[in-house]
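Right, one structure below, let's go through it.
No experiment lies behind these values; they were computed from the predicted model shown. Quick note on labels: first sequence line is chain A, next is B, and so on, each numbered from 1. Worth knowing before you read on, the calculation uses all heavy atoms, side chains too, and leaves out hydrogens, waters and symmetry mates.
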2 protein chains.
Amino acid sequence: MVSIISVAKAAGVSNKTVSRVINGEPYVTEETRERVEKAIRDLGYIPNMAARLIRSSRSNTFGIITDYVSTTPYSVDIVRGIQDWANANGKTILMANTGGSSKREADIWKMFQSHRIDGVLYVTMYRRTVDPEAGDVRIPTVMINCRPQTNELFPSIEPDDYQGAQDLTRYLLDRGHRKIGYIRLNPILLGAQLRLDAFRKTAGDFGLHESDLSIRLGMEGPVGAEKNYVFAVATEMLQQKDRPTAIMSGNDEMTIQVYIAAMALGLRIPEDVSIVGFDDFRTVSLALKPELTTAALPYYDLGLEGADLLNSVVAGNKARPSNRVLRCKLVERTSVQSL
Amino acid sequence: MVSIISVAKAAGVSNKTVSRVINGEPYVTEETRERVEKAIRDLGYIPNMAARLIRSSRSNTFGIITDYVSTTPYSVDIVRGIQDWANANGKTILMANTGGSSKREADIWKMFQSHRIDGVLYVTMYRRTVDPEAGDVRIPTVMINCRPQTNELFPSIEPDDYQGAQDLTRYLLDRGHRKIGYIRLNPILLGAQLRLDAFRKTAGDFGLHESDLSIRLGMEGPVGAEKNYVFAVATEMLQQKDRPTAIMSGNDEMTIQVYIAAMALGLRIPEDVSIVGFDDFRTVSLALKPELTTAALPYYDLGLEGADLLNSVVAGNKARPSNRVLRCKLVERTSVQSL
DNA sequence: GAGTTATATGACAACGTCGACATTTTTCTA
DNA sequence: TAGAAAAATGTCGACGTTGTCATATAACTC
């Protein structure tokens, strides 16, 4: 392997001078710099991070630890956000997923330590509380899409499910809907309760009574193997005599079934029933016709800002373990009718 | 940081003996081993990979380089497969994505080299030909879900789109369908042509004429921003007098629109029209009612076997740059009616 | 132009680990 | 039980960098 020494020899300088050129340090003549850079190019020299780390004990590497990667497919945008940040800031990303096993999680923390990473991004693919298995380790950590269960030691960054559901509910109310159905997300998911709360509160504040709201459970059970009642529940809801004029559901995937249920009953969307989702899972929200009005989860930004937050934590801004929250943007399409 | 030396001191042995214990080398008394292990536990020692790499120039790290991470959400299962393999075999994964920029791709190759990774997994999120920007680098590389455009230097591993579409077509033919509609995937995707070819060939071999086949383009344009004709095309197809009794489409996402088009026309699935997809993108295939019969892309296994293949390449089995292909499994659900 | 300061470069050690080789201790063999 | 072989442990240096400190050269100052 071509090292700093071969370059130094080729350029006729000391290895330290080569090091200076590589790291853009001052006190190198333009002429020397050029000679060294030429040697670097000629020899195809590439710095050895391992050696650098050994010397300076700063790896410039962040670790991502996730649970599953694919439960809600678009949530991988979190990872994309992190990677884009890393790329822009010259950091390297080490990635591992636990698959839900806490033994494996412990191993991953060990692995991270053995690579002397600077910080950890603890990411979950659906919003929930977690309990990191870091042991007595003290690597700076930022939680993305989740929050610590027990202590408040780690800063976190999450989507604002409450605000998203609030906006969506207001949107329906503003358009004259007074009887609204709500099909609940799996209660395991932290977002489920928040979205429902926002819906109830917003509708209540507006003057609707509990009897105007038809609230039903759409899914339950362990993530990835849940029981799915959405189609049945939606069908039932839409067969009532005083059926809701609008249905809101826990997420966009569920709305597929709501659409199909409505259409199977001969109802037109949005003329006979308006529908809104949640997530802006575009594979679905754009495939449905009419296209789905929904609230977009800020996955990409969670990643981007999470990485940035971690960076400042690593740099020593220990200010306060802040718990940031990112807005969900309402995406208006054509699945809602004004009454 | 606690190093091998502190451990040696604590255990009252030489650092080399500690090294032996860590690496499970022979010629260490049981008694010594225990003393060293105790010291390791007490001090919380964790080996420093960087130092190890510097010494032995073997990083035990694979790099994953991808284009986009989220175009077809379930394709992230490739990454999961790779990670699971890595986890089981004590390797570390470095991950980066190009976002389609070849400048960035070149940077990533550099980054990989600077970490002295042992091999690269070149992964694309939809099947296509690629042209790695590795420059004159010679890191062992395996392609997953794609193949080299120009030369045949790299081994690759891909899904068998042809066989999947063949199985699906036969499945329809076996159930008495003689007029079949086909809505094509974006022609940019390598799978598109293969799936269509298989459909045409299989139907032809069975005795159907081109006039029995209604073949239409569903999408085109750059990935992620394609024009989408599926709904219109499906509607049109189903309004014909001698409409097809079954519709096959390029992938599962597209079938959402086929379902909706059929239902909007008052057609029942599968009584009036049978529908099959491709991919087994479960968020969709299980949400549709009736649930969708489709061919499952072996994403997870692509990752798993790709990693294993790379490992053997790294180990020096330079046999031949093999181009493996993995079967797509037909997943039978309830969207097809026997005639 | 002597003295001072800023700029430019180099020598060398150290980071943590492991490989090569040396040395000591134990076990076996005849 | 001496001698040989095997097992157990240790010494030391090298891997590729960069930090520390020293030195040399150039650029100022009065």
### Task
Take atom CZ of Arg58(B) and atom P of dG19(C), then tell me their distance rounded to the nearest Å.
12 Å
### Message
Among residues at least two apart in sequence or on other chains, which ones pass side chain to side chain contact (heavy atoms under 4.5 Å, CB included) with Ser3(B)?
### Response
Ile5(B), Ser6(B)
### Atom-pair distance (CZ on Arg33(B); P on dA7(D)), nearest Å
14 Å
### Query
Between Tyr27(A) and dT7(C), does any side-chain N or O lie under 4.0 Å from OP1 or OP2?
yes
### Query
Leu43(B) has an atom CG; how far is it from atom P of dG16(C), in whole Å?
13 Å
### Query
Which pair of heavy atoms, one from Thr141(B) and one from Ile139(B), lies closest together, and at what distance?
OG1-O, 2.9 Å
### Task
Only pairs at least two apart or in different chains count here, so list each salt bridge (charged side-chain N to carboxylate O under 4.0 Å, His left out) that has a residue in residues 41-51 of chain A.
Lys38(A)-Asp42(A)
### Query
Is any side-chain N or O of Thr29(B) closer than 4.0 Å to OP1 or OP2 of dT9(D)?
yes
## Note on the structure
Computed from five pairs at either end and rounded to 10 degrees, the angle between the axes of the helix from dG1(C)-dC30(D) to dA30(C)-dT1(D) is 30°
### Task
Mind calculating the distance between CD1 (Ile40(B)) and P (dG16(C)) to the nearest angstrom?
16 Å
### Query
Stepwise, does the side chain to side chain contact (heavy atoms under 4.5 Å, CB included) test hold for Glu105(A) with Asp67(A)?
CA-CA 9 Å; Glu105(A) 179 169 343; Asp67(A) 43 4; over 6 Å; no
### side chain to side chain contact (heavy atoms under 4.5 Å, CB included) involving Leu53(A) - partner list, sequence neighbours excluded
Ser59(A), Arg116(A), Ala50(B)
### Salt-bridge criterion met for Asp160(A) and Arg127(A) (N-O under 4.0 Å)
no
### Query
Salt bridge between Asp77(B) and Arg80(B), side-chain N to carboxylate O under 4.0 Å?
yes
### Message
Strictly under 4.0 angstrom, non-hydrogen atoms only: write out the protein contact profile of nucleotides 17-23 of chain D, one letter per nucleotide from the 5' end, B, S or -.
### Response
BBBB---
### Length of the CG-P vector between Leu53(B) and dG19(C), whole Å
13 Å
### Query
Do the side-chain N or O atoms of Thr32(B) get closer than 4.0 angstrom to the phosphate oxygens (OP1, OP2) of dA8(D)?
no
### Side-chain donor or acceptor of Ser312(A) paired with backbone N/O of Leu309(A) under 3.5 Å
yes
### Task
Output all residues satisfying salt bridge (charged side-chain N to carboxylate O under 4.0 Å, His left out) with Arg147(A), sequence neighbours left out; order by chain, then residue number.
Glu158(A)
